[in-house]
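Have a look at the structure below before the remarks.
Below, read A as the first sequence line, B as the second, and so on, with proteins coming before strands; counting in each chain starts at 1. Below, all heavy atoms of this structure are taken into account, side chains as well, without hydrogens, waters or symmetry copies. If you're wondering where the values come from, they're calculated on a predicted model, not measured in any experiment.
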Amino acid sequence: MALSSRYEPHALEEKWQKIWAEKGSFDCDVDSSKPKYFLMEMFPYPSGNIHMGHVRNYSIGDVMARFRRLQGYNVLHPIGWDAFGLPAENAAIKNNTHPGKWTYANIANMRTQLQRMGYSYDWRREVATCRPEYYRWEQEFFLKCLEKGLVYRKKAAQNWCPSCHTVLANEQVIDGKCWRCDSNVEQKDLTQWFFRITAYADELLADLKKLEAGWPARVLTMQNNWIGRSTGAEIAFKLEGAEDVEIRVFSTRADTLFGVTFMTLAPEHPLAEQLIAGRENEEEIRAFIEKTRNMDRLDRQSETLEKEGVFTGAYCINPFTGDRVPVWLGNFVLAEYGTGAVMAVPAHDQRDFEFAKKYGIDLKVVVSPEGQELDPAQMTEAYTEPGFLVNSGEFTGMPNVEGKEAITKKLDETGKGRATVNYRLRDWNLSRQRYWGAPIPVVYCEKCGVQPVKQEDLPVLLPLDVKTCEDGRSPLPDTPSFVETTCPCCGGPARRETDTMDTFVESSWYFARYTAARKEDGAFDMEALKYFMPVDQYIGGVEHAILHLLYSRFFTKMLRDFGYFPADLDEPFKNLLTQGMVLLGGSKMSKSKGNIVDPDAMVKRFGADTVRLFCLFAAPPERDFDWSDAGIEGSFRFVSRVWRMFAEMQDILKPVAACSDLSETSDAAIRDLRRWEHSTAKKVGEDIAERNQFNTAIAAIMELCNAVNQHREALSATEEGRMALSSAMSTILVMLCPFTPHMCEEVWQALGHEDSMDDVRWPEWNEEALKRDVVTIVVQVNGKLRGKVEVPAGSANDVVEQAALAEPSVQNHIEGKAVRKVIVVPGKLVNVVVG
RNA sequence: GCCGGAAUGGUGGAAUUGGUAGACGCAGCGGACUCAAAAUCCGCCGCUCGCAAGAGCUUGUGGGUUCAAGUCCCACUUCCGGUACCA
């Protein structure tokens with residue numbers, strides 16, 4: 001079959017997509033005879049159409065998947081749909097349809113779009129999280145959590161998004177706003193279900209070390225900060241006049257215990273009520289508490305918030321000094337962190353210092369710099385540097401760092417406190433007051449209380465015959481057929497939980513479900529998990545650095561401990577690539593701004609191969625890149641040029657393997673082309689496998705094409721020249737295959753190869769072929785480039801040195817000066833030092 | 001404030017272990033082909049001075065180490081991201 005001189009991608013792309021699907025080219029099953037490679041991209045939310053961000057994400061993944069296949073790996077490359085969630089409900093309300101209908105229609109459309117891109121997925125393993133066959137397993141996990149105490153119900157102030165009518169996890173509140181709709185988040189007291197993610201805080205933190213080799217540093221840092229471990233001491237202050245009541249504080253500065261001059265509690269602190277009852281200014285204090293509680297979360301957490309407080313009239317007792325310590329309430333103390341109470345040391349904490357100045361509270365210096373005495377009256381700011389303890393009883397004179405340990409130890413020995421660790425990480429609120437999500441499998445019984453649904457009654461199906469409410473509220477509480485049930489314990493009438501699970505629950509384990517996606521009698525298949533897990537390469541946006549990636553790590557550890565996962569599977573994702581965004585005109589593409597580049601339109605114009613190639617060539621994958629119409633035209637020109645080269649040379653090219661021509665030859669042009677061919681195979685392989693540098697890999701292939709064009713005419717004339725060209729052109733084709741698979745398959749077939757690209761292996765470069773007869777040596781004088789000399793490869797240093805010194809331009813620059821030193825870097829460079 | 005990351009031509013970006021800065025593209029300029037255009041092919045393309053040969057300068061700024069620095073060290077500037085009354 002002859003290749004037409006013009007490259008026309010559309011028909012051939014469709015043809016090969018069909019062939020791959022029919023052959024099952026990308027189907028992957030457990031095969032212990034081959035090394036596995038599990039690669040996946042973050043699955044999309046079925047919003048309607050794929051956008052350029054998806055195309056970039058999945059093109060990066062597909063290049064890596066196809067490359068690993070060429071290397072002989074058994075590659076698992078699955079895809080699915082993160083199909084529960086708010087936009088479906090909103091769209092359903094707007095278009096007067098059902099969220100499920102909307103979602104499944106979008107999935108159908110986007111599946112076609114992905115297939116048109118030629119991505120090499122094992123479609124048999126496709127999952128959609130809104131299907132009962134999927135979410136029933138997470139209902140099972142929930143019940144297991146309940147049994148093990150890793151999920152619990154708690155009433156507390158929650159992040160409430162008034163526009164989405166639901167609570168949000170801490171991770172979903174960005175700058176005080178809803179991560180989805182940007183509304184200001186309010187605080188609301190609600191009883192909600194929580195995953196006890198804090199039970200894994202230590203392991204989640206410690207195991208970040210295991211990810212250092214494969215995860216970007218900044219993601220590790222972000223998780224580290226989010227978990228926010230701080231070590232310190234919990235210290236008990238007895239309440240004056242009520243010796244059985246203790247106020248416990250958490251402090252990282254136990255060394256300053258002797259310097260405490262007041263105590264501040266959060267207005268929400270459980271003891272507040274008891275402290276203020278019956279005080280003469282009780283009304284005033286209550287007003288303060290109310291004011292603080294009602295404050296907008298954003299305002300309360302803002303840096304500029306005026307620090308305010310009110311004295312309760314109560315005192316507590318410093319456990320070491322016996323001092324009376326006045327107890328205040330402060331608007332800056334957070335009820336949720338530590339114990340909700342702070343011991344204040346104004347001499348050594350800037351915030352306490354400012355508060356004390358404002359309300360006229362004394363300072364007591366307990367840490368001084370060496371050989372210096374601090375005068376509280378003269379201080380303009382807190383002294384927070386290291387120093388030596390003063391005014392600290394038996395601890396006076398110690399360096400404060402040692403003092404911290406000594407005081408903590410003494411606290412422990414005397415039962416007045418203990419060393420402890422605090423985390424910033426909160427438990428994960430998983431309840432959502434929304435319809436389109438997985439039902440939480442519990443019921444409420446008047447007699448028996450909260451009861452788990454029986455395992456054999458799973459799944460609790462989300463009813464589909466409901467009408468979504470106009471105002472966005474969940475219709476579930478008003479759906480008697482769903483709500484009304486019987487108690488699994490006593491059989492009496494009971495009510496179902498109408499909250500659904502956060503959609504991040506579904507995405508916390510989908511990677512593992514891929515390994516046995518169609519299994520009906522269990523969530524996972526242990527053999528498949530053992531073979532495929534962990535995911536060797538995960539690819540997605542950095543916006544999930546905390547949310548999804550932290551939750552998935554938590555689920556992996558939890559499911560491991562439940563016995564669902566292999567006992568040695570601690571982390572789900574071995575390597576993580578966080579890809580940058582695709583911008584247009586310097587800003588994020590968005591429908592509302594109207595600055596969108598539609599992938600479908602680009603595929604129509606240039607074909608999928610060009611779109612894929614351009615996304616990888618435009619920038620390194622981690623970086624944001626600005627879409628450029630001129631740029632994609634350049635990529636189209638390159639693909640067309642490669643096509644044309646094959647079309648023009650078709651008569652002389654033989655169907656040989658890549659890097660196959662190694663026959664002895666004295667032809668310098670053949671040796672030169674062969675060196676290009678083999679060094680490119682080496683570089684491109686390393687760029688893809690070790691550095692994720694697809695842009696430079698493509699650039700190197702372009703260079704090889706340029707080299708072929710240079711030698712083409714001369715080499716076409718002889719049989720050995722035609723062999724060299726054939727080998728080089730095969731190498732180009734195999735190396736391009738991960739990027740532009742359709743074009744490569746078509747050309748490969750047209751060249752008369754009996755095998756298909758499915759059976760081809762990545763070219764193996766040959767050390768011999770890389771060798772040069774003559775090398776160019778750069779000559780510097782005093783570090784400045786002054787000339788170049790050619791010497792036989794492997795020349796002795798003194799030979800190279802003589803040749804360099806003999807160079808006329810070098811002579812000019814050393815003339816009349818003394819040569820002090822000559823540095824020879826073999827095969828590369830000579831530097832003549834004169835002075 | 002703290003923690004990360006970045007800064008290289010007109011432009012996207014290369015330079016892998018300290019060893020030719022600007023690979024490969026894009027844009028631009030000149031030429032060939034064409035009646036013309038598109039497509040394609042060939043050539044030029046960091047800045048300054050110079051007719052040229054050539055010389056000098058150049059990787060955010062200022063210092064340093066080194067025969068040699070985009071790369072290492074110190075100080076700083078700007079930008080991006082994360083995080084923050086966290087006790």
Side-chain angles (χ1 to χ4, degrees), chain A residues 5-6 174-175 216-226 228-230 232-233 249-253 256 263-264 266 300-307 330-334 336-345 349-352 354-355 422-424 542-543 545-546 578 614 617-620 622-635 637-638 640-641 644 683 686-687 690-691 693 695-706 709 776-788 809 812 820-835:
Chain A
S5 61
R6 210 182 132 97
I174 316 286
D175 293 334
R218 66 170 173 156
V219 175
L220 297 174
T221 309
M222 281 161 71
Q223 293 219 353
N224 195 38
N225 292 343
W226 188 262
R229 180 188 152 106
S230 58
V249 299
F250 173 72
S251 176
T252 54
R253 292 295 306 273
T256 62
M263 163 89 61
T264 324
R300 183 155 172 202
Q301 302 229 330
S302 96
E303 208 170 339
T304 52
L305 173 75
E306 181 70 21
K307 289 169 194 62
N331 63 354
F332 58 88
V333 182
L334 306 173
E336 325 89 68
Y337 187 76
T339 59
V342 188
M343 67 177 212
V345 187
D349 179 278
Q350 188 58 24
R351 190 191 50 205
D352 295 346
E354 285 163 24
F355 193 86
N422 237 295
Y423 296 94
R424 216 187 69 101
V542 76
E543 67 273 17
I546 296 170
T578 49
F614 176 62
F617 183 58
E622 306 236 353
R623 229 184 279 196
D624 289 350
F625 87 85
D626 218 337
W627 182 267
S628 148
D629 282 333
I632 192 168
E633 279 172 35
S635 291
R637 269 202 291 276
F638 171 66
S640 304
R641 183 157 63 240
R644 212 173 321 112
K683 181 186 164 50
E686 289 169 355
D687 275 354
E690 289 160 34
R691 289 187 280 276
Q693 285 201 61
N695 55 333
T696 52
I698 295 165
I701 299 172
M702 288 173 167
E703 284 183 87
L704 178 56
C705 288
N706 294 342
N709 273 333
T776 303
I777 302 289
V778 170
V779 188
Q780 300 178 332
V781 178
N782 286 346
K784 283 197 160 76
L785 176 68
R786 296 300 179 191
K788 292 174 188 180
S809 61
N812 282 343
R820 292 178 186 232
K821 203 170 170 188
V822 178
I823 286 128
V824 180
V825 182
K828 273 200 170 146
L829 169 143
V830 176
N831 190 11
V832 185
V833 186
V834 297

With heavy atoms under 4.0 Å as the rule, sort Lys784(A) into base, sugar-phosphate or nothing.
sugar-phosphate
Could you work out the separation of A15(B) and G70(B) based on their P atoms and round it to a whole Å?
15 Å
What contact category does Gly228(A) fall into here, base, sugar-phosphate, or nothing, at under 4.0 angstrom with non-hydrogen atoms?
nothing
Going by the glycosidic torsion and a 90 degree boundary from 0, is the base of G9(B) oriented syn or anti?
syn
Considering every strand and a 4.0 Å limit on heavy-atom distances, what is the contact class for Val825(A): base, sugar-phosphate, or nothing?
base
Base of C85(B), side chain of Lys307(A) - is there a donor-acceptor contact under 3.5 Å?
yes
Output yes when at least one side-chain N/O atom of Asn695(A) is less than 4.0 Å from OP1 or OP2 of A14(B), else no.
yes
Toward the 5' end of RNA chain B, by each residue's nearest nucleotide, Val219(A) or Asn782(A)
Val219(A)
What's the closest nucleotide to the side chain of Leu334(A) if the choices are A14(B), G25(B), C85(B)?
C85(B)
Between Phe355(A) and Phe332(A), ring centroids under 6.0 Å:
yes
Of Gly631(A) and Tyr423(A), the one whose nearest nucleotide on RNA chain B sits closer to the 5' end is Gly631(A)
Out of A68(B), A14(B), G82(B), which nucleotide sits closest to the side chain of Arg623(A)?
A14(B)
Using Watson-Crick or G-U wobble geometry with both distances under 3.5 Å, which nucleotide pairs with C24(B)?
G12(B)
Counting heavy atoms from C-beta on, name the nucleotide in G19(B), C41(B), C24(B) closest to the side chain of Ala699(A).
C24(B)
For A75(B), give its Watson-Crick or G-U wobble partner with both distances under 3.5 Å, or none.
U61(B)
Taking atom C1' in both C33(B) and A39(B), compute the distance separating them and give it to the nearest angstrom.
11 Å
For Arg820(A) and A68(B), give me the distance from atom CZ to atom P, rounded to whole Å.
12 Å
Any strand is fair game: report the nucleotide pairing with G30(B) by Watson-Crick or G-U wobble, both distances under 3.5 Å, or none.
C42(B)
Please state how far atom CD in Glu622(A) lies from atom P in G81(B), giving the value in whole angstrom units.
17 Å
Expressed as a whole number of Å, how far does the C1' atom of G10(B) sit from that of U83(B)?
38 Å
Measure from CD on Glu543(A) to C1' on G82(B) and round the result to the nearest Å.
13 Å
Paired to U83(B) by Watson-Crick or G-U wobble criteria (both distances under 3.5 Å) is G1(B)
Is there a donor-acceptor pair under 3.5 Å between the side chain of Gln693(A) and the backbone N or O of Pro620(A)?
no
Are Phe614(A) and Trp627(A) side-chain neighbours, meaning at least one heavy-atom pair lies under 4.5 Å?
yes
Between P of G13(B) and CZ of Phe614(A), the distance in whole Å
11 Å
Do Glu622(A) and Thr578(A) have side chains that approach each other closer than 4.5 Å (heavy atoms only, starting at C-beta)?
yes
Counting side-chain heavy atoms from CB outward, which of C24(B), C26(B), U20(B) is closest to Ala630(A)?
C26(B)
Protein-nucleotide distance (Gln350(A), atom CD; C85(B), atom P), rounded to Å
16 Å
For atom C1', what is the distance between G22(B) and C57(B), given to the nearest Å?
15 Å
Consider the side chain of Arg424(A), meaning its heavy atoms from C-beta on, and name the nucleotide among A84(B), G56(B), G19(B) that approaches it most closely.
A84(B)
Taking atom CZ of Arg820(A) as the centre, does the number of heavy atoms from other residues, nucleotides or ligands within less than 6.0 Å exceed 12?
no
In Watson-Crick or G-U wobble terms, both distances under 3.5 Å, what is the partner of C35(B)?
none
Take atom C1' in A87(B) and the same atom in U77(B), then report the distance between them in whole Å.
34 Å
Side chain of Met702(A) (C-beta onward), nearest among U20(B), C24(B), A87(B):
C24(B)
Is there a side-chain contact between Arg253(A) and Val345(A), using heavy atoms and a 4.5 Å cut-off?
no
Have a look at Arg786(A) and say if it touches a base, only the backbone sugar-phosphate, or nothing, with a 4.0 Å heavy-atom cut-off.
sugar-phosphate
Phosphate OP1/OP2 of A27(B) contacted by Arg637(A) side-chain N/O (<4.0 Å):
yes
Roughly how many Å is it from CD1 in Ile698(A) to P in C26(B), rounded to a whole number?
13 Å
Looking at Arg644(A), I'd like to know whether one of its side-chain N or O atoms comes within less than 4.0 Å of OP1 or OP2 on A39(B).
no
Rounded to whole angstroms, how far apart are CG on Asn225(A) and C1' on A84(B)?
10 Å
Consider the side chain of Lys683(A), meaning its heavy atoms from C-beta on, and name the nucleotide among G19(B), G81(B), U16(B) that approaches it most closely.
U16(B)
Atom CD of Glu354(A) to atom P of A87(B): distance rounded to whole Å?
16 Å
Sugar-phosphate only, base, or nothing, as touched by Ser628(A) at under 4.0 Å among non-hydrogen atoms:
nothing
So which nucleotide from G82(B), C85(B), G13(B) ends up closest to the side chain of Ala619(A)?
G13(B)
Distance between P atoms of U71(B) and U17(B) (Å, rounded)
14 Å
Applying a 4.0 Å non-hydrogen cut-off, can you work out what Asn706(A) is touching in the nucleic acid: base, sugar-phosphate, or nothing?
sugar-phosphate
Is Arg218(A) close to Val542(A) at the side-chain level, that is, under 4.5 Å between some pair of heavy atoms?
yes
Does Lys828(A) make a side-chain donor-acceptor contact with the base of U20(B), cut-off 3.5 Å?
no
With P as the reference atom in both, quote the distance from U61(B) to U78(B) in angstrom, rounded to an integer.
15 Å
Taking the side chain of Pro620(A) as heavy atoms from C-beta outward, which of C26(B), A68(B), A14(B) is closest to it?
A14(B)
For C47(B) versus U40(B), give the span between their C1' atoms, rounded off to a whole number of Å.
33 Å
Is a side-chain donor or acceptor of Asn422(A) paired with a backbone partner of Ser230(A) at a separation under 3.5 angstrom?
no
Counting side-chain heavy atoms from C-beta on, which of A87(B), G19(B), A15(B) comes nearest to Gln693(A)?
A15(B)
Atom CD in Gln780(A), atom CG in Asn782(A): separation rounded to 0.5 Å?
9.5 Å
